[in-house]
Amino acid sequence: MQAFLLPVIKRALESASITTEKPVQIEKPADSRNGDYSTNIALMLSRECRRNPRELALELIGHMAFPEGTVGKMEVAGPGFINFFLEPSFIMQSVEHILHEGKGFGTSCAGKGKTAIVEYVSANPTGPLTIGRGRGGVLGDCIANLLETQGYAVTREYYFNDAGRQMQILGESVRYRYLERCGRDVAFPETHYQGDYIREIADVLFIEHGDALAGSAERSVFKETAETIIFDSIRKTLERIGIRHDTFFNEHTLYMERDGDPSSNARVLELLEEKGFIGRYEGATWFLTTKLGQEKDKVLVKSSGEPSYRLPDIAYHLDKYHRGFDLIVNVFGADHIDEYPDVIEALGILGHDTSRIRVAINQFVTTTVNGETVKMSTRKGNADLLDELIADVGPDATRLFFIMRSKDSHLNFDVELAKKQSKDNPVFYLQYAHARICSLLRMAAGETGFNPAGSGHHLLQMLSLEPEVRLGFALLDFPEIIRNAVRMLEPQKMVEYLHEIAELYHKFYQECPILKADPETRTARLFLSVATRQVLRNGFRILGISAPESM
RNA sequence: GUGCCCGUAGCUCAAUGGAUAGAGCAUCAGCCUUCUAAGCUGAGGGUUACUGGUUCGAGUCCAGUCGGGCAUACCA
C-alpha cells in the first residue's frame with residue numbers, strides 16, 4: 001500500500017541533490033494524528049547533510065508531488081518526521097482490491113518456484129503427545145501455512161526414531177504390564193514408562209493372545225504393537241487440531257547401508273574427517289567443535305560403537321540439503337536449544353549455505369487451572385495430555401492459545417478462559433466478528449437482494465466516516481502483516497492483527513447503520529463488510545481455525 | 001560457572017530504533033422497543049527489574065547487576 005510513496009521520496013532527495021546509502025523508511029505511525037504514513041528520512045540524514053532535520057524535511061516536502069486524490073496533506077512534525085495523510089476516497093478505493101483478489105488477497109510471489117521443508121512435532125512414538133509438543137506442532141503448522149501464502153511449495157515433515165533405546169524400554173514396559181495382566185508376579189522397573197497407556201496396550205495384547213506370549217522368547221511384538229498403537233494415537237491427536245504431515249522421516253534409515261554404500265551416518269563421518277574435524281580419543285569419535293571456539297568437543301560415536309543423537313541429526317539435515325530445499329525450517333522446543341548450533345556448524349564445514357536454515361524455538365507451556373499454575377514438565381497424571389486439552393477446550397481454542405503469544409515467551413495456557421463461551425475468550429471475539437458479518441449478509445440478501453459477488457465496488461469510495469476509513473485502511477495492511485509474520489516465523493503477529501480487525505469491525509458496526517442506510521451507502525457498507533470477512537477468513541486459514549457462519 | 005530465552009498496568013501479554021509505551025482480563029461508570037449486547041463507549045491504573053553506554057531519538061541495541069525458565073550427557 002505504501003509502496004507508491006517510495007519513488008516520490010527518492011525523487012525528492014534527488015531534487016534536493018542528496019545522495020545517501022541509507023534506505024528510505026516508511027512506517028505507519030501508532031497514532032493516526034501523526035499521519036497515515038510517515039518517514040524519518042530527514043532525521044536520518046540530518047547528520048550527514050549537516051542540516052536541521054525540520055528544515056530538511058520542509059525542503060523535501062517542497063519537492064514532492066503526488067497524483068491528484070491520493071495524498072491529501074503532508075506535514076513536518078515532531079523532531080523532523082514527514083507525515084502523509086491519505087485521501088479517504090483513495091483508501092476506500094484500494095479496498096476494492098481485496099474484493100477482486102478474494103482468497104488470494106495477502107498472498108505473494110516471493111517464494112514462487114522455491115521449495116521449503118518445515119519439520120515439526122517429531123516426537124518419538126514412546127507415548128501420547130503432551131501439551132508442550134502441541135505448541136510446537138501448531139507453531140510449525142502455521143509457519144508452513146504462512147510460507148505457502150508466499151508461493152513456496154512446502155513439505156511438512158515429521159522426524160522420528162523407532163529404533164533407539166527409548167523404544168526398547170517402551171517394549172519392555174509393555175511386556176511387564178502384559179505379564180502382570182497374565183497374573184505373573186513381576187516387579188515393574190522404576191526406569192520404565194509408567195503411564196496408563198502402557199497398560200492399555202498390554203490389554204490389547206492380552207485380549208488378542210491370552211497369555212500365549214508370556215513364555216515366548218520373541219519380544220519384538222511388544223515394541224511393535226506399542227509403536228503402532230502410539231503412532232496411531234499421535235496422528236489422531238494431531239488430526240484433531242488440523243495438523244497433517246506430508247512425509248515421515250525415520251531416523252533409522254540413516255543407519256542403514258544401501259547396495260554396499262556406506263550409511264548416511266558413516267558418510268557424515270567421512271566428510272567431516274576430510275575437513276579435519278574428527279578426533280578419536282577415550283574410545284569415542286568426536287566432532288572437534290573446540291576448533292570452532294566451543295568449550296568442548298561433541299561425541300558423534302560413543303565408545304559402545306553406537307552413534308550419539310548428533311550424528312544422525314547432521315546426516316538428516318544433509319539429507320534435507322540433498323533433497324534440494326531452498327528453505328529449511330526447524331521447529332522445536334527450548335529443551336533442544338543446544339542441538340542445532342552443532343548441526344549448523346557441521347553443515348557449514350561441509351560447504352552448505354547455512355543461511356537457508358531457519359530455526360524456530362518455542363518456549364515452554366504452563367497451564368493454569370482455576371488460577372493454579374501447573375508446570376508441564378512435571379509429568380503427573382494425565383493433566384498434560386494434548387488430547388485431553390483438545391477435548392476440554394476444543395480445537396480452535398487449542399490452536400489459537402498456542403500461538404497468541406510470541407514463541408519466545410513462556411506461554412500461560414488458561415484452561416478456564418479457553419473454555420469460556422464469552423467475550424473474554426479471544427477465540428470467540430475473532431469468530432464472532434466473522435459470524436456477525438455472515439448474519440448481516442444473509443439478512444441483506446433476503447431483504448435487498450445484495451450479492452457479495454455482485455457489482456458496485458466503486459461505491460466504496462463514497463465512505464468517509466472515521467470508523468469506515470480506519471477499518472478499510474487496516475484491512476489493507478494484511479499482506480504486510482503476513483510478510484512480517486513470515487520474516488519473523490511468528491504467527492502471533494497475525495493473531496494480534498486479526499484481533500484489531502475484529503475490534504475495528506465491531507466499532508464500525510456499532511456506529512454505522514448498514515441495512516437502514518440509503519441504498520448506495522448500504523451497498524458500500526456491505527462491501528466493506530465483505531472485504532472484512534475476506535481478510536478474517538484468509539487470516540483464519542493461516543491460523544487453522546474455523547470461520548463459523550453463525551454462532 | 002557458561003550459553004539461549006524472558007523480566008512492561010493488580011493479572012495475561014503487545015509494541016520493523018520513532019512522536020503522549022498499548023490491548024484484553026479484573027475494578028468503576030454508561031449504551032439494547034434499533035442489522036447478533038458473544039458487542040460498543042468512558043474512567044482509573046506505569047520510574048518498561050536496576051545501573052551505565054551508543055543515538056537526533058532506547059522498552060527495543062551494547063556492557064554490567066539482580067531475578068525467573070531452559071540447556072549445559074558417550075539420553076534423544
rG69(B), OP1 or OP2 - any side-chain N/O from Thr366(A) closer than 4.0 Å? no
Under 4.0 Å, heavy atoms only, any strand: does Cys438(A) hit a base, just the sugar-phosphate, or nothing?
nothing
Checking rC5(B), rA71(B), rC35(B) against the side chain of Met443(A) (C-beta onward), the nearest is rC35(B)
By the Watson-Crick or G-U definition, both distances under 3.5 Å, rA63(B) is matched with rU51(B)
Taking rC35(B), rC5(B), rC70(B) as options, the one with an atom nearest any side-chain atom of Leu515(A) is rC35(B)
Re rC40(B): Watson-Crick or G-U wobble partner, both distances kept under 3.5 Å, found to be rG30(B)
Taking atom types as modelled and ignoring hydrogens, do the side chains of Glu27(A) and Ser38(A) form a donor-acceptor contact shorter than 3.5 angstrom?
-> no
May I ask you to say what Asp338(A) touches in the nucleic acid, namely base, sugar-phosphate or nothing, with a heavy-atom cut-off under 4.0 Å? sugar-phosphate
Per the O4'-C1'-N9-C4 / O4'-C1'-N1-C2 angle with a 90° window around 0, rC32(B) comes out syn
Looking only at rU72(B), rU41(B), rA76(B), the nucleotide nearest the Asn161(A) side chain is rA76(B)
Exercise for review: Have a look at Arg33(A) and say if it touches a base, only the backbone sugar-phosphate, or nothing, with a 4.0 Å heavy-atom cut-off.
Suggested key: base
- [ ] Check if the side chain of Ser38(A) and the base of rA19(B) share a donor-acceptor pair of N or O atoms closer than 3.5 Å.
- [x] yes
- For rU16(B), does either OP1 or OP2 sit under 4.0 Å from a side-chain N or O belonging to Lys28(A)? no
Tell whether Asn83(A) reaches the base of rA19(B) with its side chain through a donor-acceptor pair below 3.5 angstrom.
yes
Q) Any luck finding a side-chain donor-acceptor pair between Asp162(A) and Asn250(A) under 3.5 Å? A) yes
Practice prompt. Name the nucleic acid region contacted by Lys493(A), choosing base, sugar-phosphate or nothing; use a 4.0 angstrom heavy-atom cut-off, strictly under.
Written response: sugar-phosphate
**Report entry** Distance test, side-chain N/O of Tyr340(A) to OP1/OP2 of rG3(B), below 4.0 Å
**Finding:** no
Answer for the Watson-Crick or wobble partner of rA21(B), both distances under 3.5 Å, is none
* Looking across every strand, which nucleic acid part, if any, lies under 4.0 Å from Thr285(A) by heavy atom: base, sugar-phosphate, or nothing? -> nothing
Whole-Å distance, Lys507(A) NZ to rU41(B) C1', equals 9 Å
Q.
Does Ser303(A) reach a base, just sugar-phosphate, or nothing at all? Heavy atoms under 4.0 Å.
A. base
Side-chain atoms of Arg165(A) come closest, of rC35(B), rC75(B), rA76(B), to rC75(B)
Side-chain contact check for Phe81(A): nearest option of rC40(B), rG18(B), rC74(B) is rG18(B)
Out of rG39(B), rC56(B), rC74(B), minimum distance to the side chain of Trp286(A) belongs to rC74(B)
Applying the 3.5 Å cut-off to both distances, the Watson-Crick or G-U partner of rC70(B) turns out to be rG3(B)
In this structure, is the centre-to-centre distance between the rings of Phe231(A) and Phe160(A) below 6.0 Å? yes
Taking rC40(B), rA14(B), rC35(B) as options, the one with an atom nearest any side-chain atom of Gln510(A) is rC40(B)
Quick note, Ile337(A) side chain, CB onward, closest among rA71(B), rG68(B), rA14(B) is rA71(B)
Between CG of Leu411(A) and P of rG69(B) the distance, given in whole Å, is 17 Å
| said: What's Pro513(A) touching, base or sugar-phosphate or nothing? Going by heavy atoms closer than 4.0 Å. | reply: base
When Lys516(A) and Ser46(A) are each assigned the nearest nucleotide of RNA chain B, the 5'-most assignment goes to Lys516(A)
Exercise for review: Using a heavy-atom cut-off of under 4.0 Å over every strand shown, decide if Asn34(A) touches base, sugar-phosphate, or nothing.
Suggested key: base
One thing to verify: whether Lys223(A) and Glu172(A) come together as a salt bridge, which I'm taking to mean a side-chain N less than 4.0 angstrom from a carboxylate O. no
Which of rA76(B), rC5(B), rG18(B) is nearest the side chain of His410(A)? It is rC5(B)
Side chains of Glu48(A) and Thr20(A), donor plus acceptor under 3.5 Å: yes
Please determine if a side-chain N or O atom of Lys302(A) lies less than 4.0 Å away from the OP1 or OP2 oxygen of rC75(B).
-> yes
Judged by modelled atom types alone, do Asp342(A) and Gln294(A) share a side-chain donor-acceptor pair under 3.5 Å?
yes
If you look only at distance, which donor and acceptor atoms sit under 3.5 Å apart when one is on a side chain in residues 506-515 of chain A and the other is two or more places apart or in another chain?
| residue | atom | partner | partner atom | Å |
| --- | --- | --- | --- | --- |
| His506(A) | ND1 | Arg436(A) | NH1 | 3.0 |

Applying a 4.0 Å non-hydrogen cut-off, can you work out what Met551(A) is touching in the nucleic acid: base, sugar-phosphate, or nothing? base
Heavy atoms under 4.0 Å, any strand shown: does Gln25(A) hit a base, just sugar-phosphate, or nothing?
-> nothing
5'-most contact on RNA chain B (nearest-nucleotide basis), Pro29(A) vs Ala435(A), goes to Pro29(A)
Q) Can Lys291(A) be said to sit on top of Phe277(A)'s aromatic six-ring, NZ or CZ under 6.0 Å from centre and within 45° of the ring axis? A) yes
**Message:** Any base atoms under 4.0 Å from Glu251(A), or only sugar-phosphate, or nothing? Heavy atoms, all strands.
**Reply:** sugar-phosphate
Checklist line | Touch class at under 4.0 angstrom, heavy-atom based, for Asp313(A) against every strand present | finding: nothing
Considering only heavy side-chain atoms of Arg405(A), the closest of rA14(B), rC5(B), rC35(B) is rA14(B)
